[in-house]
Each structure stands twice: as C-alpha cells, then as structure tokens.
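One structure below.
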Amino acid sequence: MGRIENAERNIFFGIIGNIVSFILGFISRTVFIHNLSVTYLGVNGLYTNILSVLSLAELGIGTAMNYSLYKPVAENNYETIKTLMQLYKKIYRIIAIIITVAGLILLPFLKFIIKDPGNISQNELFLYYLIFLFNTVSTYFVSYKYSLVNAEQKNYIQSNIQVITSVAVLISQIIILKIFKSFMLYLIAGAVIGVVQKVFVHLYLNKQYPYLLEKDYIPLSKEEMKPIKKNITALMYHKFGDVMIHQTDNIILSSFINVTFVGLLSNYNLIILSVISFINTIFNSLISGLGNLIALDSKEKQYKLFKVYRFSAFWIYGMVLIVLYFMLTPFITLWIGEDLVISNTAILLIMMDYYFKAHRIAVNNYKTAAGIFDADKYIALIQGVVNLIISILLVKLIGINGVFIGTIVSGLISNFTRPFIIYKIIFNKKVHEYYKDSFLYLITISVVFFICQLIMKSFCNNITPVSLFVLFILVITIPNLSFFILFRKREEFVYMQEILKSYPDKFNNINKFYSNTLLKAGNKIRFIKNKKTVYIKKDITNKNKEAPLPNDSNKIEEEWIAIFNNLRKNTRIQILTYPEVSRKQMIRTNIYSIIFTRKLSRADHFFWPNGLLALALECSYHARKDIQDFYILKQYYDKWIQNGIPIVNPDHAINGYSLIYVHQKMKKDIYKEAIQKIINYLYDYPRDKMDSIPYRKNSPHDIYIDSIGMICPFLCRYGKLYNDEKAIDLAVKQIINFIHFGFDMNTFLPYHGYNLKENSKLGIIGWGRGVGWLLIGMVDSLEYIDSLNLNYNFLVRTFIKIVETVIKYQKDNGYYSWQLTALEGHIDTSSTSMISYAIHRGVKIGILNKTYLYYSNLGLQALRNSVIDGLVTNSSAECMGFSMYPQRYDVFPWSQGPATALAALSLDAELETIDNRTFFSSWKDFKI
C-alpha cells in the first residue's frame, strides 16, 4: 500500500473516530454539567495539564522513535526494528518510573495549585489525582509499540483502538453519572477500561509483530546510537518548550483566577479541540507519508507538495476558526446557558492562537518528517520561557486575557523563525516567498473576518436554533467563497482540485472501476459461486478481445480473500510441522529399525515440500505485506540453521530460493552462510556426462524432471543477486539438457526423466506434476536470466511452446489430470496449482501475453472448489519413482504451497512486467 492509500485510510478512520468521540464526548459533557458542578470540570482539566507537565519526562523520545523507524521499516529491516523497539521498551519503562516518582512528590503541593475548590475536600483531590497519575503511567508500558505502527503509516490502527476505548469509557461514565452522580466512580470506570485496552493493545501488537518477542537482538553500536541521542537531546528542548507553552495555561488560570474558570473554559475547549482534532487528523496522518516522500523524492517535488500542504492548512483551518469564533458563544448559550459563557475577547484571542498554530502545522510536520530536531531546539525553549513570563505578568495586570496573549506572542516566535530552517535545510531556497504568502493569507483572513463580523450583528439580538443555523450557513459559505475567488488560479488550488476530482471516479460505475483495476493491477481474481469460469474462453492469440467480469465482484473478491487467508494460515502451520509424525508411527519406526538393524531415519522438516510452502509465504508476503508471513518464513529458516542446515539430496536446494529473499530483507550473515552451503553442495555434487545433476547419488545417471523446479530457480536467483554467472550457467544447462533429452517430440510433452548412459527416456509422458515442476523451474529461473544471455531466447520460446501445448489438456472445469493426456483421469490439484502458478508468473515477468491469465484463473477457480477449511484436497500422493504414481488423493504440501502462491499472485496489485520485456502471444511470434 502506497503513501496516498495509507494516508487515505489514516484520514478516514481518524475522522470517523473523531466524529464518534465528539458525539459521545458532547453527550457526556452535557450529562456531567447537569449532574456535577463546574468545579469538577475544572479539576478534570487541571489534572490533565499537570500530568502533561509531568510527561515532560518523555522528553520527545516518541518523536525520535518514529523518525528512527522510518528507514528500517521502509527497508523491511526487521533486525534493526527489533533492536530499536527493545531499546524504546526499556526507555519507556524508565520514563514510567520517573513520572510515578515525580507525580507522588507533587502530591503535597496540590493545595497551592488549586484555588477555590469549592466543596471538594483535599482527600478527594488527592484520590482523583492518583487515578489520573495511574492512567498516565500505565500508558507508557504499551504506547511505545504504536511507534512501529505509525512508522508503517498505519496510524488508523491506533485511531481505531482509541475510538473503541473512548466509546466504552464514555458510555460507562454517562451511565455512572446518571445513576450514582459520583466523580470518583466516573474516574475509576475510565481507569478500569483503560487497563483492559492496554492489555488488549499489548496482546494485539505482539500478534501483529511477533518478532518483537524474540530475545536475540543485537544492541545498537555507538555509531548507530549517535543520531538517536542527538535527536533525543534536541527533542528535550522541544518538549520543555511545548509543555511551558501548551500545558501551563490551566495551571496559571487555576492558581491566579480560580479552578471554576478552568471548568468554563473546558466547555469551549471540548468543542474547539474536537473540531480541530478532525483537521489535525488529516494533516498529522500525512507525516509518515511526508517522511517517505523526503526519503525518496526530489527536492522540487517536496517543495511543490509542501506548498500544497501549507495552502490546504490555511484554507481549512482559516475557514474553521472563523466559523468557531462566530458560533461558539451562541452555541454554548443554547446548550448549557448564558451564565457559562466567556467573553468574546477571550474567544478571539483563543482563535488567533489557533490560527497561528495552524499556520505552523505544515512547517512543524514537515520538519518532523524530515527528522530536523536539533536546528531549532532553542526556539522551543525560548518560546516556553516567553510564554510563562508574559502570561504570569499579564494575568496579574489584565486578568484572564493576559494568559492567552502570552501564548500568542510565544507562538509567533516559531512562526517567524522555523520557516528559515526548513527552507534552508530541506529545500535550499530563500524564505521570502513563505512570508509573502503568510502576509497574503493573514490579510485574506482579516477581510473575511470583518465581513462576517458585520453579518453577525444581524443575528446577535435573538439567539434561536433557526438563527444559529442561518448564521452557520453564512459563516461557512463566506470564507470558502472568498478563498475560491481569490485563489482559484493558484497552482496549489489547481493541484488540490485535481486530487478531489479523482475521488468520485472511484465510486461511480463499479464495473468500469473493476475493469480498470483488472487491467492495471494484472487481474485481481473474481470468482463466482456457481462454478462457472471467470472469463469467457477465447482464442489466446486474440489480443483485442476483452474478458467480461462476473456480477457481484465486490462480494466475490471478499469471499476469495477469505479463502486465501485460510490458505496461507494453513501454509504457515504446515511449513513448521510437515511432515507430522504421530507417536504410533514413531514407535513403529523405532521397532523396525531395531529389528532390521537399520539406522533410524528421522522426519525431514526441511525437504522439498517445505520449500514449496516457503515459496508460497514469500508470494503471500509480497502481495499482502502481512508481517506474520515473513516472520513464519524467517522462523522456518532459523530452525533449519539451528539444525545445522542438513542437505542430504539436491531436493533441499529448493529451500534456498526463498532463503535468498529472507537474506535480502534482513542482511544477516547466518542466512548468507546457509545459502553458501547450498550452492557449494550443488557445485560439488556429482553430475552426468552432460553436466546434469542426478536426483540421487545411488542413481547417478537418472535425471528427473523434478530437479528443474527444485534446483534451477535457486541457482539463477543466487547467480543474479550475488553476481555468480557460474550458477546461472549451471541452471541453464539443466533446463536445456532436459529439453533436448527428456521430451517426446510428437506431443511436445516431457517424460518423467531420462538416462543418457542407457539412452532411454523414463516414466510416462505428460505426468502432470512433473510438467508443473518443469514450468516452475523455467519461469522462476527466467526472471533472473539476463535477456542478453545466449540461451535466453531459446528458453523463452520453449517455455511458451510448452505452455501452449499444456493448456490444450486443461479440463473445462479448470483442472488438469494427474497425467495430462488422461482427460478422463483423476483430477490433480498439484498439477493444476503448479501449472497455473507458472503461467501466471510467465505473465508477471513479461514472457506471456496477459490473455494467458484466462488459463491460470481457470485453474485457480478449480482449486477454489477443492479448498476445504483452508486445505487443498485432491492432490495426488508422493511419487515413488519412475512410473510409480500412487492413485491416492489427499491434502499435501505440493498442492498447498503452489495453490497459496498462485492465489497470492492473483491478489498482488503489482503485476508488472520485469525489465520492460515484450509480451508474446505465441511462441511462433518469438524471433531469435
């Protein structure tokens, strides 16, 4: 999922969460006011601010964590992620202890901070405070894990969990207030549900990121710790400054005015913060995407998107703050009464502060995404000091408004200084254009505010729901209309307009949408229940003929995804357990070995069937980006390495194919050493006179078709990624030799094998699974063979010809028989899954035309009908040798693996040709 898709999902769930929280919060506040005094509201807001001050101990580590994780997450470097998360876990536990100690030390001083608590006793105030302290401290034991979620641009996970918790808390608190009218029970309910939420988060994120539970991690070196320490040190200054700016107003108001006013202000803040949270959700959801943008794209593109980002902030925040200023007092009056309103001057100052904050959000978020913390670390500290000095001085001189003026003045320091930093460090540009736009935006907002002020006077005399609604329509229309007239030709507006225009297309004409998705993404599979084919069968050489889609494709895709999820779930289990040996079998084997004095043969859990399951998990992870697929894959190879990487026969080489993938992702030496052991084994293995690798040492001249799929893809992937042409040459020899010596030229179908010494072809012609092994071996090798290789054209031409031959034997229901030419023979899901997988891969790497997807889809539909509870049935049993094909059909990994891999390919949104190779509709069209 890309930046835009992640941002859309984050924004969508963030907005839904804010809507739900606002509605319930509004109801809860209404019930609170009617059942408890405003003083309790003041205590609630004050303690929230006090604990925010104590959270100073966090020192901005969370922000540093997010930034440190961007790169390893983007690179899927799980070892570094694991190390960083272990470090953050320790740090956050230390923070929790520090906040606990600091919070308890502050307890005796509460009586000096809370002025005029009314009829609330000191003991009650202490108990309330301890509950707040517990809620804050307990958060640090799980919150650090959200850093990984957010670094993956999956902020919506945190949003959804918080929304569910908020709903549960607010509903329970509303019930408690209505029945018991107790502030103590109100707080306890929130604390208990909060603990349940934290336990759930702990368990859920452990399941999502199981590798975090591993204890074997490598501590960061001094060099790796340097940038982290530098960022944390810088963020300490930012944290000090932010706390002094944003978390001290209520404390000053409570100490110099009274705690009741804090309660009155909290009613306004409930509305303001709820509305602003909607907008913040949009802009903050883009931070991870901005980090990705900065890491990957040019400075010109970054600057262009920054201007759009900033322009959007001006428009949205400007419009909303104008609406809030004119609507707040009338709304509060209608909601809870005229005696609970505050002065218009105070509201104007609050809105001015939010406007300047909004003007900073683009700069601050961009700076955070870029990891720039050190360059402006003193600015935050200066702001904090200025805020405290001005607020305390002015609150004594002019009262309440003095606190808000102090906040505005301190904020303006950032408005003037921070743009210099990002323009110089990120964009390498002069900052005058920024200030020019800032002045233009400020003049625009002022003029629109003045127009709305004139209109407001017509509605001030008599506040009714109708007049309030009319006022709302006017104050939301005037800013938007004004902004449109003034800025409709700006580049930023045109860019935003194009983005907004694209959204309706996603929801209009659903069939067209799915057709476009099909062509673009390479055929996301849709199935139908009545077992008919996905497409109408057509001549594969007809490139212009389009395949119609079935009805109810949304529902069908959901059904198929559910089936796929069950497939990979069982694949994960099988790769770690196959072959499963019962206790009865173990006893029988032991007795047999003793009686016949033979060496006990233990179950091989790293044999070729497991290699097919490994391939399936690699494809699944590539398609769905589910970390558990990769984790199980890693766990499988870790076990193999722990067992000493046993390699008894060439069959084991198939495990090396996906092991290379794991090594490329994790860069661990132990995986490279295991890969090297496999390649050395193959290099040293005895061969026949044509350099073909025999299946077994005790039959040194028997060449099996199975070996093509088990050995060649590993050799070619190894040769390509580790620059070893010798490996590719060896793989190419295996394939070419089999084409020359192992085929029946009348049918152009392969035998099971051949023996050059006896000059004989062995087994039957067209053994279904054997053909599957050959096609998999060829297609997964061709991906890594350079098109300039002298044998490349011949291999591609032959692959196409084999495919054209094979599809003639596909049954109308999509299956292939255990022997292709036995059209009335038993269906075989191993043949069907392997052949269909190879055809789909051929399209993906650009050696087959997309019309061939019809045949792989037909096979996949057939396999769907053979899936029971996530297991693929109707698979022929293991072959015992040439012409020894047991007619027993059951569940086996050689169907489970390729079927899961094929399903993953079909759901993979990245069906693109590799190296821009040309498609060929027929082998006859391929020119050497």
Side-chain angles (χ1 to χ4, degrees), residues 514-515 518-519 521-543 545-553 556-557 559-561 563-564 567 619 749 766 768-769 771-772 775-776 779 799-800 802-844 848-867 872-876 895 898-908 911 919 921-922:
Y514 276 107
S515 297
L518 176 71
L519 294 174
N523 184 39
K524 282 188 175 180
I525 299 303
R526 313 311 198 251
F527 285 112
I528 48 179
K529 283 187 174 180
N530 61 3
K531 301 184 182 181
K532 291 181 181 178
T533 58
V534 180
Y535 300 106
I536 295 174
K537 197 162 186 177
K538 57 182 180 294
D539 180 1
I540 61 171
T541 61
N542 186 348
K543 301 178 185 180
K545 205 169 183 180
E546 293 298 334
L549 287 167
N551 297 325
D552 300 325
S553 55
I556 293 160
E557 183 176 15
E559 289 175 358
W560 175 239
I561 290 174
I563 292 171
F564 168 65
L567 276 173
C619 293
L749 287 173
R769 188 158 66 240
V771 174
L775 290 177
I776 288 177
V779 75
F799 177 80
I800 296 171
I802 296 171
V803 169
E804 288 191 354
T805 301
V806 167
I807 58 179
K808 295 175 184 177
Y809 299 101
Q810 188 172 21
K811 295 173 180 284
D812 289 339
N813 59 10
Y815 289 103
Y816 292 93
S817 295
W818 73 273
Q819 182 182 6
L820 297 187
T821 56
L823 296 179
E824 295 182 2
H826 201 293
I827 61 170
D828 177 24
T829 52
S830 68
S831 304
T832 306
S833 59
M834 284 183 164
I835 293 169
S836 300
Y837 165 86
I839 292 173
H840 201 114
R841 284 279 289 150
V843 175
K844 182 176 176 64
L848 289 177
N849 188 278
K850 287 185 180 180
T851 53
Y852 283 90
L853 285 176
Y854 163 74
Y855 297 96
S856 64
N857 292 342
L858 189 60
L860 186 53
Q861 179 195 339
L863 292 168
R864 176 184 184 271
N865 298 326
S866 291
V867 175
V872 183
T873 61
N874 286 316
S875 174
S876 60
S895 284
T900 306
L902 173 61
L905 285 179
S906 302
L907 292 169
D908 193 338
L911 185 62
F919 283 119
S921 64
S922 169

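Residues: numbered from 1 along the sequence shown.
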*asked:* Using the rule given for side-chain contact (heavy atoms from CB on, under 4.5 Å), can you reason through Cys619 versus Tyr837, listing the C-alpha separation, both sets of side-chain angles and the distance that settles it, and then say yes or no?
replied: CA-CA 11 Å; Cys619 293; Tyr837 165 86; 4.3 Å; yes
*asked:* Asn865 vs Tyr815, test: side-chain contact (heavy atoms from CB on, under 4.5 Å). Steps then yes/no.
replied: CA-CA 10 Å; Asn865 298 326; Tyr815 289 103; 3.8 Å; yes
_Spatial distance of atom NZ (Lys850) from atom OG (Ser856) [nearest 0.5 Å]_ = 12.5 Å
_I need the Tyr852 OH to Ile807 CD1 distance, nearest 0.5 Å._
5.5 Å
*How far apart are the closest heavy atoms of Ser831 and Arg769, and which atoms are they?*
OG-N, 3.2 Å
_So if I apply the side-chain contact (heavy atoms from CB on, under 4.5 Å) rule between His840 and each of Leu860, Leu905, Leu848, which one comes out positive?_
Leu905
*asked:* Nearest 0.5 Å, please: how far is CZ in Phe799 from CD1 in Ile802?
replied: 8.0 Å
*List the steps and the verdict of side chain to side chain donor-acceptor pair (under 3.5 Å) for Tyr809 and Gln819.*
CA-CA 10 Å; Tyr809 299 101; Gln819 182 182 6; over 6 Å; no
_Heavy-atom pair with the smallest gap, counting every atom of Leu567 and Ala903_ = CD1-CB, 4.3 Å
*For the residue pair Thr873 and Ser866, what are the closest heavy atoms and their distance?*
OG1-O, 2.7 Å
*Kindly say whether Asp828 contributes a backbone atom to a donor-acceptor pair with the side chain of Ser876 at under 3.5 angstrom?*
no
*When rounded to the nearest 0.5 angstrom, what is the spacing between CG in Leu858 and OH in Tyr816?*
8.0 Å
*asked:* Please check this pair: side chain of Thr829 against backbone of Ser875, looking for a donor-acceptor N/O pair closer than 3.5 Å.
replied: yes
*Measure from the side-chain N and O atoms of Ser836 to the backbone N and O of Ser833, and report whether any donor-acceptor pair falls under 3.5 Å.*
no
*Student check: side-chain heavy atoms of Ile827 and Thr832 closer than 4.5 Å*: no
*Calculate, to the nearest 0.5 Å, the distance between atoms CD and OG belonging to Gln810 and Ser817 respectively.*
11.0 Å
*Which distance, rounded to the nearest 0.5 Å, do you find between the CD1 of Ile800 and the OG1 of Thr805?*
11.5 Å
_Looking at every heavy atom in both Gly768 and Ile835, which two are closest together, and how far apart are they?_
O-CD1, 4.1 Å
*Hey, are the side chains of Leu749 and Val806 touching, using non-hydrogen atoms and a 4.5 Å cut-off?*
yes
*Do you know which two heavy atoms are closest between Ile776 and Ala838, and how far apart they sit?*
N-CB, 3.9 Å
